[in-house]
A.B. asks: 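Before I ask anything, here is the structure I am working with.
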Amino acid sequence: MINPTRIVIVGGVAAGASAATKARRTNEGAEIVIFERGPYVSFANCGLPYFVGGVIKSLDDLLLVTPQLFAERYRIQVELQHEVTRIDRVERFVEVRDLQSGSSRRVAYDRLVLAPGGVPVLPPIPGIDQPGIFPLTTVPEAEGLRNWIIDTKARQGVVVGSGFIGLEAVEALLNLGLEVHLVEKLPQLLPQMDPEMALLLEAQLLQKGVKLHLGSGVVGFSGKERLDGVEISTGETLPAQVAVVAIGVRPELTLAREAGLEIGSSGGVVVDDGMRTCDPAIYACGDVAEVLNRITGKRVRLPLAGPANKEGRVAGANAAGGNRRFTGVIGTSIVKVCDLTAAKTGLGEREARDAGFDPLVSYTHPLDHAGYYPGAQVMAIKLVADRASGRVLGAQIVGPQGVDKRIDVVATAIHGNMTVEDLEGLDLAYAPPYSSAKDPVIAAGFVAANAWRQEIEISTPSDVARVVEEGKPIRLLDVRTDEEYEKGHIPGAQHIPLDKLRDSLAKVHRDGPITVYCGVGYRSYHACKILEYHGHQTRNLSGGFTSWAQAFPDRVEQGKS
Ligand code: FAD
């Protein structure tokens with residue numbers, strides 16, 4: 001039997017609530033208390049944007065466990081609107097302020113779990129304090145934002161920041177009928193994604209009527225008694241009666257810093273794999289902690305709900321006398337952007353390079369299920385692997401449906417240290433309404449594994465663009481039909497349809513390697529094999545013209561060959 005112990009938990013949402021209930025299951029004799037400075041415990045902050053937009057009708061649906069349930073079922077004491085203001089590591093107590101009465105008291109602990117999450121970044125931009133400007137991280141903020149839009153009959157809104165919360169806020173404001181401007185300092189949306197994949201989201205938002213201001217920062221919020229405009233670095237003032245500031249969250253380190261706990265280079269509290277800080281009586285978990293990235297071996301912060309819940313579980317178990325390990329993250333995320341889903345797992349191309357890998361990159365554009373079964377839709381997959389070992393390092397997928405299941409298959413493969421050849425061999429579920437006999441992940445595996453085995457050399461659109469930009473000669477061969485070529489092709493490409501290629505070999509350039517492309521890379525793969533047989537050196541353009549046009553929409557030429 002584990003000795004009874006008093007466990008104090010700071011923060012009662014994702015990590016804190018998980019820690020508390022796991023601690024209870026680990027040690028029935030422990031005294032467990034959660035201090036939460038907000039008015040709610042264990043709420044689903046991930047659902048807040050959907051409440052704002054009216055998809056989730058009632059805030060009650062987002063309140064997952066009430067203090068009463070914590071007390072009755074788990075014998076866990078929850079004290080809402082109580083802020084922990086200091087940790088005394090020597091005497092092992094915390095100072096707690098009752099935010100309603102203003103009184104403070106000391107509460108002793110045997111084990112302390114820090115799960116204070118993050119706080120939204122709100123830079124000191126002139127005018128940021130005026131009514132009508134909201135972060136979107138808590139229940140009161142979401143409620144305030146929705147009520148403000150409805151009560152003031154706001155017609156125009158500005159969202160600042162195009163991360164997950166910013167994009168979800170854009171959709172919420174669209175749902176409420178607002179004209180929406182999205183301001184992003186970087187030149188692309190969703191900075192976690194590689195730029196060419198993020199372009200798909202840009203097209204989607206433009207199609208929905210969102211006004212994009214990429215590469216622009218907010219320099220001021222204007223208005224007399226309440227917001228009426230957002231001034232951006234281009235000199236424009238965007239008309240707005242409401243603004244959502246979603247430029248990130250920083251870890252809530254106040255307590256940890258003051259208590260002298262070690263803070264890592266990523267900006268999170270340093271913990272071991274049992275979520276113990278440098279003080280063995282104190283655990284940290286969730287957005288405040290830094291954890292191991294299983295691919296790079298580096299310590300990172302990954303402020304997402306999945307890791308927070310799992311880290312909380314480990315911290316809670318160990319604080320209660322257990323012996324659990326948190327084995328790290330790979331960085332899997334997903335976001336709905338109107339009619340599209342964008343998901344990422346593992347490393348992007350540049351991240352892989354920065355981590356010291358030589359990335360092998362491939363693109364595929366499969367249908368989410370059999371083309372002959374109604375409703376099939378194309379998704380774009382970018383796979384990143386280690387050229388040396390073939391190990392899968394990451395994937396990014398954007399499409400209207402079926403994205404969620406594919407990204408999780410790749411995430412599982414990364415967890416299992418699988419290679420692109422392993423992806424080829426996966427035995428996945430198939431029937432026409434759900435997938436194809438060659439599931440999108442398997443098809444991505446085929447393409448990447450062919451390249452990895454050097455059965456075929458592949459180039460990416462960026463490789464081709466780089467050669468063009470450097471002014472070096474490049475031979476491009478388009479093997480699509482006349483109709484496809486005329487609608488749009490890469491400038492300077494020679495055109496010979498695949499079905500005529502064997503009879504037109506004399507026309508094919510002989511001077512240097514040829515980059516061959518078709519719609520998505522399948523017909524051109526075949527063309528490469530024909531040309532190789534006849535002594536040509538070839539490269540297949542991965543993802544074909546589809547990937548080219550996604551990455552370089554302004555470098556497309558129309559007309560006959
Ligand atoms: P939090 O959930 O932030 O909880 C920390 C709590 O600690 C807060 O309630 C705070 O009031 C309390 N606290 C802080 N300091 C003190 C103190 N000194 N004393 C007492 N209490 C204190 N992640 C995903 O994976 N998928 C999503 O779709 C997703 N959507 C999101 C949408 C929104 C709008 C937001 C805001 C976040 C979203 N996230 C999502 C991120 C995810 O919610 C967080 O990563 C997760 O909640 C972090 O859990 P946590 O317990 O570390 O911190």
Side-chain angles (χ1 to χ4, degrees), residues 8-20 33-53 56 62 64 78-87 94-99 104 107 112-121 134-142 145 161 163-169 171-172 192 244-246 248-259 268-269 275 283-291 301-313 315-316 329 331-336 341-344 404:
V8 169
I9 298 174
V10 183
V13 188
S18 296
V33 54
I34 298 176
F35 291 109
E36 167 54 58
R37 71 178 167 200
Y40 300 98
V41 70
S42 190
F43 66 91
N45 35 15
C46 306
L48 294 176
Y50 301 100
F51 165 74
V52 173
I56 293 170
L62 299 180
L64 305 176
V78 176
E79 299 210 25
L80 296 178
Q81 296 186 299
H82 279 70
E83 181 176 25
V84 174
T85 53
R86 190 170 78 86
I87 303 168
V94 290
E95 233 160 62
V96 185
R97 184 163 55 227
D98 178 338
L99 296 178
S104 286
V107 178
L112 178 65
V113 177
L114 294 181
V119 279
V121 176
F134 297 84
L136 179 50
T137 54
T138 63
V139 173
E141 286 160 6
L145 171 60
F164 303 118
I165 298 177
L167 291 174
E168 289 171 351
E171 192 172 342
Q192 294 87 340
V244 180
V245 180
V249 284
R250 59 177 169 75
E252 174 50 282
L253 290 170
T254 318
L255 285 174
R257 267 216 186 94
E258 281 174 12
V269 178
M275 305 312 294
Y283 297 75
C285 47
D287 286 4
V288 80
E290 65 170 32
V291 288
R301 282 200 325 108
L302 186 67
L304 289 174
N309 276 277
K310 285 177 281 181
E311 292 161 28
R313 232 174 142 248
V329 296
T332 307
S333 59
I334 190 160
V335 63
K336 178 176 179 304
T341 300
K344 180 182 177 196
D404 49 348

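Both counts, for ligands and for their atoms, begin at 1 and track the order of listing. Keep in mind that what you see is a predicted model, and the values were worked out from it rather than measured.
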A.B. asks: What residue and heavy atom of the protein are closest to atom 42 (C) of ligand 1, and at what distance?
C.D. replies: A305 N, 3.7 Å
A.B. asks: Going by heavy-atom distance to atom 41 (C) of ligand 1, choose the closest among S333, G47, G16, P303.
C.D. replies: P303
A.B. asks: Output the list of atoms in ligand 1 that are nearer than 4.0 Å to some heavy atom of V10, sorted by atom number.
C.D. replies: 16 (C), 17 (C), 18 (N), 19 (N), 20 (C)
A.B. asks: Hey, is I165 touching ligand 1 through its side chain, its backbone, both or neither, going by heavy atoms under 4.0 Å?
C.D. replies: side chain
A.B. asks: Would you mind listing which atoms of ligand 1 come within a distance below 4.0 Å of any non-hydrogen atom of G286?
C.D. replies: 52 (O)
A.B. asks: Does any N or O atom in L304 lie less than 3.5 angstrom from one in ligand 1, N or O only?
C.D. replies: yes
A.B. asks: Looking only at N/O atoms, are E252 and ligand 1 under 3.5 Å apart anywhere?
C.D. replies: no
A.B. asks: Does any N or O atom in A15 lie less than 3.5 angstrom from one in ligand 1, N or O only?
C.D. replies: yes
A.B. asks: For P49, counting its heavy atoms only, list the atoms of ligand 1 lying under 4.0 Å from any of them.
C.D. replies: 34 (C)
A.B. asks: In ligand 1, which numbered atoms sit nearer than 4.0 Å to a non-hydrogen atom of A115?
C.D. replies: 5 (C), 6 (C), 7 (O)
A.B. asks: Going by the atom numbers of ligand 1, which of them fall below 4.0 Å from some non-hydrogen atom of A14?
C.D. replies: 2 (O), 46 (C), 47 (O), 49 (O), 51 (O)
A.B. asks: Considering V84, N45, V335 one by one, which has a heavy atom nearer to atom 47 (O) of ligand 1 than any of the others?
C.D. replies: N45
A.B. asks: Considering only heavy atoms, does P116 approach ligand 1 within less than 4.0 Å through its side chain, its backbone, both, or neither?
C.D. replies: both
A.B. asks: Does T137 reach ligand 1 with a nitrogen or oxygen that is under 3.5 Å from one of the ligand's nitrogen or oxygen atoms?
C.D. replies: no
